[in-house]
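These notes are about the structure you will find just below.
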Amino acid sequence: MSAEAVSEEHGDSFRAQQEEPVVRPAGKKRFGARVPQDANRTSSRSKTSHTTVRAQGIRPVGAVAGTVVLALTATACGLGSDLGGKNEKIAIGIKFDQPGLGQKTADGYTGFDVDVATYVAKKLGYSEDDIVWKEAPSAQRENLIKSGDVKFVVATYSINDKRLNEVDFAGPYFLTHQDLLVRGDEVSITKVEDLNSRKLCSVTGSTSALNVKEKLAPKAALQQFGGYSECLKGLEDKKVDAVTTDAAILAGYASQQQHWGKFKLVGLSLSDENYGIGLKKGDSELKTQINKALGEMVTDGTWRKLVRKHFSLSSYESEPPPPIED
């Protein structure tokens with residue numbers, strides 16, 4: 001093969017690379033885990049082309065020209081990987097088992113946190129199809145963020161000093177309080193002290209339950225189960241007298257169709273829980289972008305619509321949107 005033929009071959013390869021849209025429109029900043037699907041293909045193409053040049057014994061000048069073309073081709077591919085290109089995805093952590101907030105169903109994912117995360121992702125330049133949902137159990141949220149498995153977490157994630165030592169937060173976007181859920185016909189539990197000598201249920205390791213047991217109702221008989229669904233079953237069967245955690249979580253369970261009219265919130269404010277969006281520590285640019293999106297979500301009326309959508313079927317009355325912290 002002549003040097004001219006090799007040059008033409010590489011020229012075709014370079015033009016083919018140019019036809020792929022590797023640069024996004026200016027002004028549209030995107031964040032998230034990139035999916036560089038063409039990395040291996042680029043490497044093999046470069047190696048094969050370089051071997052062809054040597055095998056045919058092309059003169060040094062031709063070899064240099066071929067190398068320049070290959071370098072330009074590889075650079076173009078590398079640029080596409082850096083920018084993410086049309087195949088870019090964003091991984092977001094949510095709860096999979098909290099009705100009204102974050103729940104995986106046969107039809108997909110639903111809940112207030114899911115809708116908030118979707119809104120934020122769209123403001124960052126992603127479509128719903130670009131989102132990869134990942135389960136973020138309470139005990140694993142920090143690890144998911146620090147390892148880069150998710151770009152951010154929207155999962156009833158209360159902002160506190162301990163967590164701020166490990167991750168950063170945008171928001172808050174929601175304020176709730178620790179409360180009690182009781183049976184719909186319950187009239188003897190109206191304050192936390194009424195739990196003394198009564199059976200209180202929460203999930204294993206819950207700080208909410210310990211808060212009641214250690215500080216507010218020390219004589220309460222604490223029973224811990226693996227999940228809140230088990231607590232609600234115990235409440236319905238009269239094996240426990242109350243369930244405690246954040247009011248928003250309790251309201252989500254009470255709003256399920258199979259639970260309509262069976263349970264009610266007592267309406268206590270045993271603690272303040274500001275839900276924020278967790279992200280990698282030091283990522284100030286992403287934090288600023290998310291805070292801007294959260295502000296727009298409030299001002300354009302979306303926040304209020306989402307609250308009504310997910311909590312209107314329970315007795316839960318949400319607080320106004322909390323001020324976003326810098």
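Under a hydrophobic-cluster definition in which Ile, Leu, Val, Met, Phe, Trp and Tyr are linked whenever side-chain heavy atoms come within less than 4.5 Å, directly or via other members, Val120 and Ile324 are assigned to the same cluster. Criterion: ILVMFWY side-chain heavy atoms under 4.5 Å apart, direct or through other members. Under it, Phe225 and Phe96 are not part of a common hydrophobic cluster. Note on Met297: it does not cluster hydrophobically with Val153, by side-chain heavy-atom contacts below 4.5 Å among ILVMFWY residues. Hydrophobic clustering of Ile, Leu, Val, Met, Phe, Trp and Tyr side chains at less than 4.5 Å, counting indirect connections, unites Val266 with Leu222. Following chains of ILVMFWY side-chain contacts shorter than 4.5 Å, one can reach Trp133 starting from Ile277, so the two form part of one hydrophobic cluster.
More than 12 heavy-atom neighbours from other residues, nucleotides or ligands sit within 6.0 angstrom of NZ on Lys262. No more than 12 heavy atoms of other residues, nucleotides or ligands lie within 6.0 Å of CD in Glu128, so this atom counts as exposed by the packing criterion.
Looking at every heavy atom in both residues, Leu294 comes nearest to Gly171 through CD1-CA, 3.7 Å. Taking every heavy atom of both residues into account, Pro172 and Pro323 meet most closely at CD-O, 3.4 Å. Closest non-hydrogen pair, Val192 versus Ala217, comes out as O-CB, 3.6 Å. The nearest pair of heavy atoms linking Asp179 to Ala247 is CB-CB, 3.8 Å. The two residues Arg304 and Pro320 make their nearest non-hydrogen contact at NH2-CA, 4.4 Å. Nearest heavy atom pair, residue Tyr253 against residue Ser229, reads CE2-OG, 3.7 Å.
Under the side-chain contact (heavy atoms from CB on, under 4.5 Å) rule, Val150 has a single partner from Leu144, Leu279, Ile94, which is Leu144. Residue Tyr157 is tested with Tyr173, Phe152, Phe169, Tyr275 for a ring-ring contact (aromatic ring centres under 6.0 Å, His included); the sole match is Phe169. Partner Glu166 forms a salt bridge (Lys or Arg N to Asp or Glu O under 4.0 Å) with one of Lys280, Lys146, Lys281 and no other, that one being Lys146. Residue Tyr119 forms a side-chain contact (heavy atoms from CB on, under 4.5 Å) with just one option from Val114, Leu306, Asp300, and that option is Asp300.
Looking only at distances, a side-chain donor or acceptor of Asp168 sits under 3.5 Å from a matching main-chain atom of Gly282. No donor-acceptor distance shorter than 3.5 angstrom exists from the side chain of Ser158 to the backbone of Glu273, with no hydrogens or angles considered. Of the possible polar contacts, one joining the Arg183 side chain to the Leu235 backbone as a donor-acceptor pair under 3.5 Å is found. Using modelled atom types, no side-chain atom of Asp97 and backbone atom of Gln103 make a donor-acceptor pair closer than 3.5 Å. Of the possible donor and acceptor atoms, one in the side chain of Asp113 sits under 3.5 Å from a partner among the backbone N and O of Thr156. Asp237 places no side-chain N or O within donor-acceptor distance of the main-chain N or O of Gly234, the cut-off being under 3.5 Å. A donor-acceptor contact shorter than 3.5 Å is absent between the side chain of His177 and the backbone of Leu270. Between the side chain of Lys89 and the backbone N or O of Asp129 there is at least one donor-acceptor pair closer than 3.5 Å. Asp246 places no side-chain N or O within donor-acceptor distance of the main-chain N or O of Ile249, the cut-off being under 3.5 Å. Between the side chain of Arg141 and the backbone N or O of Ser138 there is at least one donor-acceptor pair closer than 3.5 Å.
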Requested in this report: Could you please spell out the steps behind the salt bridge (charged side-chain N to carboxylate O under 4.0 Å, His left out) verdict for Glu186 and Arg198?
Outcome: CA-CA 13 Å; Glu186 178 64 69; Arg198 307 292 290 270; 3.5 Å; yes
Query raised in the report: Going through the distances and angles, do Phe174 and Ser318 end up as a side chain to side chain contact (heavy atoms under 4.5 Å, CB included)?
Result: CA-CA 9 Å; Phe174 195 78; Ser318 69; 4.2 Å; yes
Requested in this report: Take Leu216 and Asn211 through the test side chain to side chain contact (heavy atoms under 4.5 Å, CB included) and record every step on the way to the result.
Outcome: CA-CA 7 Å; Leu216 304 173; Asn211 183 43; 4.0 Å; yes
Report task. Show your reasoning for whether side chain to side chain contact (heavy atoms under 4.5 Å, CB included) applies to Leu101 and Lys95. Result -> CA-CA 8 Å; Leu101 288 156; Lys95 290 294 180 68; over 6 Å; no
**Report entry** side chain to side chain donor-acceptor pair (under 3.5 Å) evaluation trace for Ser127 with Asp130
**Finding:** CA-CA 5 Å; Ser127 69; Asp130 294 329; 3.2 Å; yes
**Report entry** Stepwise side chain to side chain contact (heavy atoms under 4.5 Å, CB included) check, Gln178 with Leu268
**Finding:** CA-CA 7 Å; Gln178 183 182 346; Leu268 305 178; over 6 Å; no
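The closest side-chain heavy-atom distance from Asn160 to Leu164 is not below 4.5 Å. Proximity of Asp241 to Val182: side-chain heavy atoms (C-beta onward) are nowhere separated by under 4.5 Å. Side-chain contact check for Glu230 versus Lys233: every heavy-atom pair is 4.5 Å or farther apart.
Distance check, rounded to the nearest 0.5 Å: CD1 of Ile159 to CD of Glu325 gives 5.5 Å. For the atom pair Asn196 CG and Lys219 NZ, the distance stands at 6.5 Å (nearest 0.5 Å). To the nearest 0.5 Å, the span separating CG on Leu180 from SG on Cys201 amounts to 12.0 Å. Rounding to the nearest 0.5 Å gives a distance of 5.0 Å between CD of Glu236 and CZ of Phe263. Atom CD1 of residue Ile92 and atom NZ of residue Lys134 lie 11.5 Å apart, to the nearest 0.5 angstrom. Distance check: Leu232 CG to Leu181 CG gives 5.5 Å after rounding to the nearest 0.5 Å.
Salt bridge annotation for Glu296-Lys123: present, with a cationic side-chain nitrogen under 4.0 angstrom from a carboxylate oxygen. A salt bridge between Lys264 and Asp185 is absent, with no side-chain N of the basic residue lying under 4.0 Å from a carboxylate O of the acidic one.
Using the six-membered ring where Trp is involved, Phe112 and His310 have ring planes that are perpendicular, over 60° apart on the 30 and 60° scheme.
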